[in-house]
Amino acid sequence: MKNTEVASRLYEIADFLEMQDIEYKPRAYRNAARSIEALSEDIEAIHERDELQDIEGVGESIAEKIAEYLDTGELEYYQRLKDDLPVDVEALTRVEGLGPKRVKQLHDALGVATLDDLEDAAEDGRIASVEDFGEQIQENVLEQIETAKRGEERMLLGKIVPTARHLETHLYDAPAFDQVDVVGSFRRHRPTVGDLDILALANDSEQAMETFCTLDAVTEVIERGETRSSVTLSDDLQADLRIVDEASYGAALVYFTGSKDHNITLRDRAIDNDWKLNEYGLFDAEDDKLAGETEAEVYEELGLSWIPPELREETGEIDAAEADALPDLVQPNDIRGDLHVHTTASDGDNTIREMAEHAASNGLEYVLITDHGPALSVVGGPSESEFMDQKEAIDDANDATDVTVLHGLEANITEEGLDISQEWATECDLLVAALHDTPDQPTENVIHAFDAYPVDIFAHPLNRLLNEREPLDFDLDALVETAAEERTAFEINAQPERLDFDWRSVKQYRGDVPFVVSTDAHSTAELDALDLGVAQAQRGWCEGDHVLNTNPLDELLEYFA
DNA sequence: GCCGTTTTCGGCCCGACTGTTTTCAGTCG
């Protein structure tokens, strides 16, 4: 999947063009880059069908360039731009406050081409002497450069939930605030989040900004205005606070929740009526306000039903809202059991009993214990006889808790099938199987495992690790088809670094193969992350019927029987 | 460079904040 790679090339071209003061072209390249990033399909497949120009924002010229890049791995136009102005614009613009224009100025005045050059120039005090620059910008550069050098890693949604909730509560409890909402991609439950966008109603905005900028967690105030401030938090996360009026709160919620593409389509819809939509409200041609206080009223005036944040990715939700055909999304409370749970028998921190008790206290009806199979040597799963010995602990946990404890295994998919015997497989109430490495023939191996063993659940199917490991390059059509025939479900894994099956694939294949949402918990605390997995199912437009573990246990087992 | 129920030319989102400025350009979201 080269979508991200292609998009970054186009972004860089946009920056180079902007450095030359060329108008409008940069926007065109960025629009194209953005739609390519948002594609659920592999751009190479689109290119093979010769349909690049069907991508929003991609016309003849950009399509040719993408084709050249995919076919040859080179892009002459890009290379020429870079040769003319040999500057690492991608890295340099990561410095907050530096855009293409200022990068060009620094290059022309001081020959700055890399982050190291920039750092040297700032330390020598040369930046302050460049026209239009000054002490302040130089100081900012010095402060920002380490962050820029680390690169543009987005935070894992699951890792920042505690920070976000803490901030939200803390501000909400402060006297100056009447209402606080974390918005942006966090509210949409995107698997990764770039920063925290916070929206608030304040009875004293001066005091509210003071409270925000002096929070314990704040290490630096980037900017501070009357309605907007930006800070860096101790875990290197940036948080932005925007204060709006009550009359605009709904419009601001829409605006700052995004996604950008969703907002653009909403705005176009307003423009079609000769109206205007912005963060302050929906206005008619006479500038009279039609809506703004609540989200629902903004959507309603636009002829749409309210759209859950998880769906706001401009993947058809606006048409569906117009037709009153939005999915009735699966909800966290619908989930009756967790079907992927580790214990001290492999790499978990807690015993079967402890995991079961915690699952019960979370209100679950059943839990499937799935330690690793024996082939994952690093992790040290139970041997076949140790697995048999586990049965006693399973029985004890069943006696001691209100939750039904099932005995399963997370077997490892190998070139030969699974890392367990057929006899062992039949001893499992339910059998989970997963890949834990990057095989040469992933599709063949998985299909073989599905054929040869009674696999019930295919766990973290793409075996991706966010920010670390790309998803496997599967023939997903073939896998889904086999899984459906063999009555094998695909897992939506709730671990913060996985959130795999990816929501785009969930949307594409829902209805073709059933899903389960599981935590893959390795400790009692991780059992609480089920909601994150459910949010990914929601992003994939799943209704309750698409998710098997919304069923009572007897119906669940019936499916796999 | 892209796009079109204003379609083959003439538009292209826009408001807040900052810094270095006497009135604005660049950046960001």
Side-chain angles (χ1 to χ4, degrees), chain A residues 10 13-36 52-66 77 81 89 92-106 127-141 143-144 152 183-186 193-199 205 209 213 221-231 238-244 248 251-252 254-281 283:
Chain A
L10 298 179
I13 290 176
D15 285 344
F16 279 120
L17 293 170
E18 193 157 352
M19 284 193 276
Q20 298 177 20
D21 260 333
I22 293 171
E23 282 191 288
Y24 301 115
K25 283 193 195 185
R27 185 195 319 248
Y29 277 93
R30 289 194 185 110
N31 284 342
R34 236 169 355 93
S35 13
I36 289 165
L52 287 173
Q53 285 195 55
D54 290 352
I55 300 169
E56 185 79 23
V58 176
E60 196 180 337
S61 171
I62 293 182
E64 271 176 24
K65 294 184 174 74
I66 297 171
Y77 181 65
L81 289 167
V89 64
L92 288 166
T93 52
R94 279 206 302 264
V95 178
E96 181 94 28
L98 286 194
K101 297 281 174 70
R102 284 182 180 151
V103 166
K104 172 81 158 50
Q105 278 178 286
L106 289 174
I127 287 180
S129 63
V130 177
E131 197 181 349
D132 293 331
F133 287 64
E135 293 288 343
Q136 191 59 51
I137 292 181
Q138 179 165 285
E139 206 175 296
N140 286 350
V141 165
E143 279 170 12
Q144 297 290 330
E152 205 157 17
V183 290
S185 46
F186 182 87
V193 174
D195 58 15
L196 280 182
D197 294 307
I198 304 167
L199 191 67
S205 58
M209 284 304 178
C213 292
V221 177
I222 300 168
E223 65 179 38
R224 179 172 171 172
E226 283 177 35
T227 63
R228 202 181 85 191
S229 291
S230 251
V231 301
Q238 184 176 323
D240 301 337
L241 173 67
R242 292 178 174 81
I243 292 176
V244 298
S248 301
V254 172
Y255 188 85
F256 293 115
T257 297
S259 66
K260 187 163 183 169
D261 289 333
H262 177 87
N263 287 351
I264 288 173
T265 306
L266 288 183
R267 191 163 51 230
D268 287 348
R269 213 179 154 81
I271 291 168
D272 287 346
N273 286 325
D274 253 347
W275 297 344
K276 182 179 74 177
L277 175 66
N278 57 29
E279 61 264 56
Y280 300 105
F283 302 89

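Atoms considered below: every heavy atom in the structure, side chains included; atoms not considered: hydrogens, waters and symmetry mates. Chain A is the first sequence line, chain B the second, and so forth, proteins listed ahead of strands; every chain is numbered from 1.
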**Student:** Under 4.0 Å: is that the gap between some side-chain N or O of A:T227 and OP1 or OP2 of B:dA16?
**Tutor:**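 No, outside the criterion.
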**Student:** Starting at CZ of A:R228 and ending at P of B:dG15, how long is that distance when rounded to a whole Å?
**Tutor:** 13 Å
**Student:** Rounding to an integer number of angstrom, what distance separates B:dC17 and B:dC12 when you compare their C1' atoms?
**Tutor:**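 Pairwise C1' distance, B:dC17 against B:dC12, rounds to 24 Å.
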**Student:** Does the side chain of A:I264 come within less than 4.5 Å of A:R34's, by heavy atoms?
**Tutor:**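 They are in contact (side-chain heavy atoms under 4.5 Å apart), so the answer is yes.
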**Student:** Which part of the nucleic acid, if any, lies within reach of A:P100 when heavy atoms closer than 4.0 Å are counted: base, sugar-phosphate only, or nothing?
**Tutor:** sugar-phosphate
**Student:** Rounding to an integer number of Å, can you tell me how far A:Q105 CD sits from B:dT20 P?
**Tutor:** 12 Å
**Student:** Quick check for you: to the nearest 0.5 Å, what is the distance between A:S205 atom OG and A:L241 atom CG?
**Tutor:**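 Taking OG in A:S205 and CG in A:L241, the distance rounds to 10.0 Å.
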**Student:** Rounded off to whole Å, could you give me the CZ-to-P distance for the A:R267 and B:dG29 pair?
**Tutor:** 16 Å
**Student:** Take atom CD of A:Q53 as the centre, draw a 6.0 Å sphere, and report whether it contains more than 12 heavy atoms from other residues, nucleotides or ligands.
**Tutor:**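 Atom CD in A:Q53 is packed in, count exceeds 12.
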**Student:** If we take the C1' atom in both B:dT5 and B:dG1, what is their distance in whole Å?
**Tutor:**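 Per the computed distance, 23 Å lies between those C1' atoms.
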**Student:** Would you mind building the protein contact string for nucleotides 3-9 of chain B? One character per nucleotide, 5' to 3', B for base within reach (heavy atoms under 4.0 Å), S for sugar-phosphate only, - for untouched.
**Tutor:** S------
**Student:** Got more than 12 heavy atoms from elsewhere within 6.0 Å of CD, A:E60?
**Tutor:**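 No, not enclosed.
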**Student:** With P as the reference atom in both, quote the distance from B:dT21 to B:dA16 in angstrom, rounded to an integer.
**Tutor:** 25 Å
**Student:** I want to check one thing: is the phosphate of B:dA16, taken as OP1 and OP2, less than 4.0 Å away from some side-chain N or O of A:Y280?
**Tutor:** yes
**Student:** Mind calculating the distance between CZ (A:R102) and C1' (B:dC24) to the nearest angstrom?
**Tutor:**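 Computing the A:R102:CZ to B:dC24:C1' distance gives 12 Å.
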**Student:** Output the single nucleotide from B:dG29, B:dG19, B:dG1 whose closest atom is nearest the side chain of A:Y77.
**Tutor:**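 Within the option list, the nearest is B:dG1.
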**Student:** Counting side-chain heavy atoms from C-beta on, which of B:dG26, B:dA16, B:dG29 comes nearest to A:K101?
**Tutor:** B:dG26
**Student:** Stacking between B:dC12 and A:Y24, yes or no? Criterion: centroid separation under 5.5 angstrom, plane angle under 30 degrees.
**Tutor:**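 Aromatic stack with B:dC12 present for A:Y24.
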**Student:** Rounded to the nearest Å, what distance is computed from the CZ atom of residue A:R242 to the C1' atom of nucleotide B:dC17?
**Tutor:**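 Answer to the nearest Å: 11 Å.
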**Student:** Expressed in whole Å, how much space separates the P atoms belonging to B:dG10 and B:dG15?
**Tutor:**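 Result for the P pair: 26 Å, nearest Å.
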**Student:** Take atom CZ of A:R224 and atom P of B:dC28, then tell me their distance rounded to the nearest Å.
**Tutor:**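 Nearest whole value for this atom pair: 22 Å.
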**Student:** Examine B:dG26: is either OP1 or OP2 under 4.0 Å from a nitrogen or oxygen in the side chain of A:K104? Give yes or no.
**Tutor:**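 No, A:K104 has no side-chain N/O under 4.0 Å of OP1/OP2 on B:dG26.
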**Student:** Determine the interatomic distance between C1' on B:dG11 and the same-named atom on B:dT18; round to the nearest Å.
**Tutor:**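 So the two C1' atoms sit 30 Å from each other.
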**Student:** What integer number of Å spans the C1' atoms of B:dC14 and B:dT7?
**Tutor:** 26 Å
